[in-house]
Amino acid sequence: MEPWQIQLMKNILILHGPNLNLLGTRQPEVYGTTTLNDIELMCQKKASQLGVHVECRQSNHEGVLIDWIHDARGNFDGIIINAGAYTHTSIALMDAISSVEIPTLELHLSDIHAREAFRHVSYIGKVAFDAIMGHGADGYPMAIERMIEELG
Ligand code: CA2
């Protein structure tokens, strides 16, 4: 593909938060057997079908996720974020998302509202335009479709 064609494509940043690097290797009864690498392949397949560019990154560190959100300004059209447990605790991540003014979609493997009460609060949900949850790994390609719909 020519560089000018890549520049015209929508650019979506997919962020995975803490412990999601363990997917498929621990607690399969809760989070399934799909690994983060499998999820990246699913995302790249969906992206090429839909003609968009996606970049996937994972960090266990709140500050690294915040830096990536800041750096997304001017470089990405949308952010899809599974912030892991930071979803329920991080006002700092929420502030970072609202500061960059990039359409952001909240994503979870599990349905956080069907789990423990402490997971029912989502700071990400306060600044995201929508949330997809409870679909396991299939939620990732769904989220790419939803983001494209939002970006128009
Ligand atoms: O359902 C989700 O996607 C969550 O964001 C996953 C987080 C959890 O804290 C949120 O409440 C909901 C936990 C991710 C931990 O991932 C693991 C994967 C394999 C083994 C252990 C943890």
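In listed order, ligands and their atoms are each counted from 1.
Nearest protein heavy-atom neighbour of atom 14 (C) of ligand 1: L20 CD2, 3.8 Å. Nearest to atom 21 (C) of ligand 1 among the protein's heavy atoms is Q27 OE1, 3.3 Å. Considering only non-hydrogen protein atoms, atom 1 (O) of ligand 1 sits nearest to S110 OG, 2.5 Å. Counting protein heavy atoms only, atom 19 (C) of ligand 1 is closest to R26 O, 3.4 Å. Of the protein's non-hydrogen atoms, the one nearest atom 16 (O) of ligand 1 is N19 O, 3.5 Å.
Note: no N/O pair closer than 3.5 Å links Y31 and ligand 1 by distance alone. For H108, a nitrogen or oxygen atom sits less than 3.5 Å from a nitrogen or oxygen atom of ligand 1, counting backbone and side chain alike. Below 3.5 Å of separation, one finds no N or O of T87 facing any N or O of ligand 1. At a 3.5 angstrom cut-off on N or O pairs, L109 counts as close to ligand 1.
Residue I97 holds its CD1 atom at 10.0 Å from CD1 of I102, rounded to the nearest 0.5 Å. Note that the CD1 atom of I79 and the CZ atom of F129 stand 10.5 Å from one another [nearest 0.5 Å]. To the nearest 0.5 Å, atom CG of residue N82 and atom CG of residue L15 are 10.0 Å apart.
Between the side chains of D38 and T35, at least one donor-acceptor pair of N or O atoms lies under 3.5 Å. Residues N60 and E62 have side chains that never bring a donor and an acceptor to within less than 3.5 angstrom of each other. For the 3.5 Å distance criterion, the side chains of E106 and S122 qualify, holding a donor opposite an acceptor. A donor-acceptor contact under 3.5 angstrom links the side chains of Y140 and H16, judged on distance only. When only modelled atom types and interatomic distance are considered, H53 and E55 share no side-chain donor-acceptor pair under 3.5 Å.
Contacts with ligand 1 closer than 4.0 Å are made by no heavy atom of M133, backbone or side chain. At a 4.0 Å heavy-atom cut-off, ligand 1 touches R119 through the side chain alone. If you look at N82 next to ligand 1, the close heavy atoms, those under 4.0 Å, all belong to the side chain.
Close approach of ligand 1 to H88 is summarised as follows: ligand atoms under 4.0 Å from at least one heavy atom of the residue are 10 (C), 11 (O). Residue L22 approaches ligand 1 through these ligand atoms, each under 4.0 Å from one of its heavy atoms: 19 (C), 20 (C). For ligand 1, the atoms closer than 4.0 angstrom to any heavy atom of A85 are 9 (O).
The closest side-chain heavy-atom distance from I81 to I14 is not below 4.5 Å.
Criterion: ILVMFWY side-chain heavy atoms under 4.5 Å apart, direct or through other members. Under it, V64 and F76 are part of a common hydrophobic cluster.
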